[in-house]
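Before any comments, here is the structure.
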Amino acid sequence: MDISYYLVRAHLYEKERNGQVSCTLQEIEAIWQCTRRHVIRKLKKLEELGQLRYQPGRGRGRKSTLTFPSDFREDVEKFLRFCIQENKPTILFQLLQLPIPRHWYAHMTELEQLFGYQQQEGQDTLRTVFNRPITTLDPCASSITFESHLIEQISDTLVIYDQETDSMHPHLAHHWKTNEDSTEWYFYLRKGVLFHHMREMTSEDIAYTIDRFKPDSPYYWLVSDVVQTEVIDRYIIRFQLARPNPFFLRYMASVSMAILPRDVLFNEYEWVATGPYQLKERTEQKLVLEVFPSYFHMRPFLDRVEMWRIKPGEKKVNYSLSDQQGPTQSHYEVEQGFRFLAFNFHRDSIIQDKYFREAMYHLVDTERIFTELNLEQLFGKLKHASSFFLEKSVAPIKSEQKLKEALKKSAYQGEPLKVGVLRHKSAGIQAEWLLQEATKYGIVLELCEYELDSIYNKNEMLAFDMAFMGEVANIDRELSFIGAFKNEALLFRTYFGPSHLRKIDTYLEAFKNGKTKKERYKIADKIESYLHQERLIIFQNHPMKERTHTAFLQDFELTGFGHPNFRRLWIDRLA
C-alpha cells in the first residue's frame, strides 16, 4: 500500500484553498524524498486513480497546481477504518505520524482495536506505543528508563534483587560466595543457559561483559573496583576487588550488568542475550519482541510484544483487549523518582553565589505552579519532594520575603541565565511559569529546550547555567541512590563541582559499607542534608502516574522503571 497521496496532501494542507494548492515540484520531491522523474510518475499515477488533478507549471521554477476532488478529512477517516478492518497497523501508524489534525480521528473508537491484546495466528500479542526515538540499548550506557526497561525484557543478570524481601536471589548464577571483607567474589553459573543465537553461556561471557565497561562508560563505576577477573572453569568466575564492597553483589543485579555473548559484536538492532524475549525488529517506528522458546527460566505467557511509535499525546494506552469489553482498573501511583532543578557549577556565573541559589530555591514554588496552572487535573495530586526516598519527603517552606532577602545579598546584576528544559509539553508549561515569575524579581531566565538523549552530550548540558531534570529509581532504591551520583551521564555528576563530588563520594563509600539499612539511611540523610544546605539542587515533586488496564490483564506488575513487566503478563479471557 502506498500512502503518497496522504503524505503530500497532509504536508501541503495548510496551503490548500478550496481543494486546490500551488507548489513547486521541488517541494514535492522533499515530501516524497524521491527524484523529479519519480515525482511526475507518482503524480500521474494518483491522477489515474482519481485522487488528484495535476497541472504542471509553465517554465523552470514555476509552480504547479494540484486539485483534490475529495474532502481530505473524510479520506483520512475512511483510510484509517480500512487499515483497522484489514489489520494494517504499519500503514496506519505511518499515517498518524503525518501533520494531520488530531481531532479528525480522536473520536474514532475503532482505534482501540489496534492496541492492547491481539490474537494473531495463534499467538498472544500485546500491542503498545512509545512516543519518542529510542536512544541507546547498550547496557554500558543506557541511562533512560524506557530503554532500561527494554533491556530488562531481553536480557538477564547473574543475580536479581527482590524488593519485597530486600534480598538477593540466584539467576544466571545459581550460587555465589565472598570473603570476610568482600574483596573477593566467586559466581557459579547455571549449566545449559542459552543465548538467543543458541550457544551456551559460560564464564568467558561474564568476563567479556565486565570488560566491555570502559572508563568513559556512564556505568563504569559498577566495575571500577575490579582489579582482576579470573575464569576458573567453564562455570565458575572470580572477581578480585581493590577495596571492600559489600554492595558488589547488588551491582551485579543492575540491568547495566546484562550478560552478553563474547562471540557476537554488540549491535543495537540485533540484540543477543539470554532473556525471555528476543529483539526481532527495531526501526524508527516499530520495535518487536518475540518470546525466546529456549529460555532457561519461566517462559513468558505473551508470545509477542509490538511497540509502535506515535506522536506524543496521540494515544493513551490502557492495555485493553481488542475484542472484548470489560471493567478497567485505573489508579494514580506515585513514581519512585523526583523532579528537580540542578545548578551547573562548571559555569563561571552567578550560580556560584549561594545567596542566588537560595533565592532560586524560594522562586521554584512547585505548589504554586501546580495550583496556578491547575496541573493536578493532568498529573494527579501534588506529592512534594525533599528527598530521593518518597517516604521521607515533606512539603518545603517557601517565602517571598526570604527570596527578596537572598537576592539582595547576592551579587546578581540582572544578567541572563540559560535554563535547560526538556522538550516536553508539561515541562515547557512549568518552565514558562517560572520565567514569568522570575521577571517580577528582576531575574532574567532564557529557556533552552533539549531532547532526552542530550544527557549523553555533556557539552550540550554544560552550556546551561541550570537545568530541569527527573531522576527515576529502579526496584533497588539504595543502588539507585548510589547510581544517581555515580552515573557519568546524569546531571549530578555532570553539574556538581569537584569539591562537591569528593564529599559525596566519601559518604557513598561509607554508605556501601553500612551493615544495616538503618545505618545506610543515616548516611543518605547526611548526603541529602548537604544537598539542601548548599542548595546544589532544588527538589520539586514526586511524579504521579495514572495506571489504567482492563481486568482481563493479569499480573500487571510494573518494573522498577515504571513500565509493565512483559515477563509476567497474561490474559484471563474468563475474568
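The structure displayed is predicted, hence computed values, not measured ones.
The structure places OG1 of Thr135 at 7.5 Å from CD1 of Ile455, a figure rounded to the nearest 0.5 Å. Atom NE2 of His346 is separated from atom OG1 of Thr494 by 7.5 Å, given to the nearest 0.5 angstrom. In this structure, the separation between CZ on Phe195 and CG on Asp205 is 4.0 Å, given to the nearest 0.5 Å.
Cation-pi contact between Lys418 and Phe464: absent, since separation from the ring centre below 6.0 Å together with deviation from the ring axis within 45° is not met.
Ring centers of His532 and Phe539: under 6.0 Å apart, within the cut-off. Close placement of the Phe266 and Trp271 rings is indicated, their centers lying within 6.0 Å of each other. In this structure, the ring of Phe213 has its center no less than 6.0 angstrom from the ring center of Tyr219. Taking the six-membered ring for Trp and the full ring otherwise, the centers of Phe389 and Phe481 sit less than 6.0 Å from each other. Between His171 and Phe296, the ring center distance clears the sub-6.0 Å criterion. A centroid separation of less than 6.0 Å is found between the aromatic rings of Phe388 and Phe338.
One finds no salt bridge joining Glu519 and Lys517 here, because no Lys/Arg side-chain nitrogen approaches an Asp/Glu carboxylate oxygen to under 4.0 Å. Salt bridge Arg282/Glu270: absent, no basic N to carboxylate O contact under 4.0 Å. The pair Arg212-Asp138 meets the salt-bridge criterion, with a side-chain N (NZ, NE, NH1 or NH2) lying under 4.0 Å from an Asp/Glu carboxylate O.
Judged purely by distance below 3.5 Å, without hydrogens or angles, the side chains of Asp181 and Thr183 pair a donor atom with an acceptor atom. Thr136 and Glu268 share a donor-acceptor pair across their side chains, judged by distance under 3.5 Å alone.
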Next on the checklist: Under the criterion side chain to side chain donor-acceptor pair (under 3.5 Å), I'd like the reasoning laid out for Arg238 against Gln228: C-alpha separation, chi angles, the key distance, then a yes or no.
Outcome noted: CA-CA 8 Å; Arg238 170 184 168 271; Gln228 184 183 22; 3.1 Å; yes

